[in-house]
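Below is one structure; the comments refer to it alone.
Residue numbers start from 1 in every chain, and the chains themselves are labelled A, B, ... in the order their sequence lines are given, proteins ahead of strands. Because the structure is a prediction, the values reported are computed rather than measured.
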Amino acid sequence: MTHTFDTSKPIYRQLADQIYWRIIRGDLKAGQKLSSVRDAAIEFSVNPNTASRTYNEMERDGVVETKRGQGTFVTEDQTVLHQLREERKQVRIEEFVREMEAMGFSATDMIHGLKSYVDKEDQSQ
Amino acid sequence: MITLEDVSKRYFTKSALHNISLDIPKGGITGLVGENGSGKSTILKVLSGLINPSRGSVYIDKTPVTRRIASKVAYLSELDAFYRFYTVQNMVDFQASQFDDFNKNKAEDMLSFMKLDPKSKIKSLSKGNRGRLKIVLTLSREAPVILMDEPLSGLDPMVRESIVKSLISFIDIEEQTVLITTHEVNEMESIFDRVIAIKNGEILGIAHTEDIREKEGLRVVDWMTKHYNS
């Protein structure tokens, strides 16, 4: 699978975002072992130095932990994982709101539109 | 690790390189990018000792470059240089007989990674598989310096991807210094530590790929265009 990276951010940061997405979706669970830096580099087709920087960055964020001689694992700290999910939610909401505002919709329009969309989704399931 | 000092190269009346000075430290993958005829391949040929510069000095690992530098430099040519009647295995054995640093186990691993059958005749290989075989022959050498001239050129997307992945898997990025020329900048920028843009035989700029994104918010292609037009 080819991964594309956009221009706005450095690749090491985008790679971290992709791995965070897997954690948020539950593809990678709390305490689960991540692939090695080299395997991650191969999977995402990035320079191993970039992948290594991503792992350092994720460790600094507290989302993963490196255990000497064993590898890198997703943290089991639920507070951190909860925060990761919440941050992602805020980012998405902000994007949505900015775009709606740009199109001239009011806050009421947004809430109303969102509610009727969600209700319709519920009915069809 | 790779040093050019005031290097110029003229082909008869045409100037191919103009006063190029360059110092690439040990380790990492460097992309050499620029339009056709900008001098990319000439730089690689000068570094591999295949042609002599008209002026200036060239060093690999502090050794002045001559034809004998081939023992330190693995060079992948843009052209195919195979005996058509050889099998893939014959070609691997031939390469192993020419270079002391050739690692046969690595060659075997790479052949299976690239899904190449050692018993296939070279003349029956598709262009894509010939491209893959060239990569195997070059990267199976544990040479301190690897020079690759357009490794993706003329190959389909699937072959290009398998080659990019093989570069990541089989290059020892701390020990080996790799210089790759390419037109496929978008496909390769994620594996470059740094890029060098070149135009009309002169260096326009050198930058770390992540800095280009982080500080300038550009892809390498845009960065290159910016330098080309300025």
Original post:
If we only count heavy atoms from C-beta on, is the B/Glu210 to A/Lys9 side-chain gap below 4.5 Å?
Top reply: no
Original post:
In this structure, are over 12 heavy atoms from other groups packed under 6.0 Å from B/Met158 atom CE?
Top reply: no
Original post:
Taking atom CD of B/Glu78 as the centre, does the number of heavy atoms from other residues, nucleotides or ligands within less than 6.0 Å exceed 12?
Top reply: yes
Original post:
Measuring from B/Ile168:CD1 to A/Ser45:OG, what's the distance to the nearest 0.5 Å?
Top reply: 4.5 Å
Subject >> Sequence-distant partners of A/Arg25, salt bridge (charged side-chain N to carboxylate O under 4.0 Å, His left out), two or more places apart >> reply: A/Asp27
Subject >> Basic-acidic side-chain contact under 4.0 Å: A/Arg38, B/Glu174 >> reply: no
Original post:
Taking everything shown except A/Asp119 itself, do over 12 heavy atoms lie less than 6.0 Å from its CG?
Top reply: yes
Subject >> Pairs of heavy atoms under 4.5 Å with chain A: top-ranked of B/Pro157, B/Gly217, B/Ser169 >> reply: B/Ser169
**OP:** Would you sort out whether A/Val46 and B/Ile191 count as a side chain to side chain contact (heavy atoms under 4.5 Å, CB included), showing the intermediate values?
**Re:** CA-CA 5 Å; A/Val46 300; B/Ile191 70 161; 5.8 Å; no
**OP:** Please state whether the side chain, the backbone, both or neither of B/Ile212 comes within less than 4.5 Å of a heavy atom of chain A.
**Re:** neither
Original post:
Heavy atoms, side chains only, cut-off 4.5 Å: are B/Lys165 and A/Glu43 in contact?
Top reply: no
Original post:
CD of B/Glu216: more than 12 outside heavy atoms within 6.0 angstrom?
Top reply: yes
**OP:** With B/Ser190 as reference, evaluate A/Thr50, A/Leu15, A/Asn47, A/Ile11 under the side chain to side chain contact (heavy atoms under 4.5 Å, CB included) test and give the passing residue.
**Re:** A/Ile11
Original post:
Is A/Tyr12 close to B/Glu214 at the side-chain level, that is, under 4.5 Å between some pair of heavy atoms?
Top reply: yes
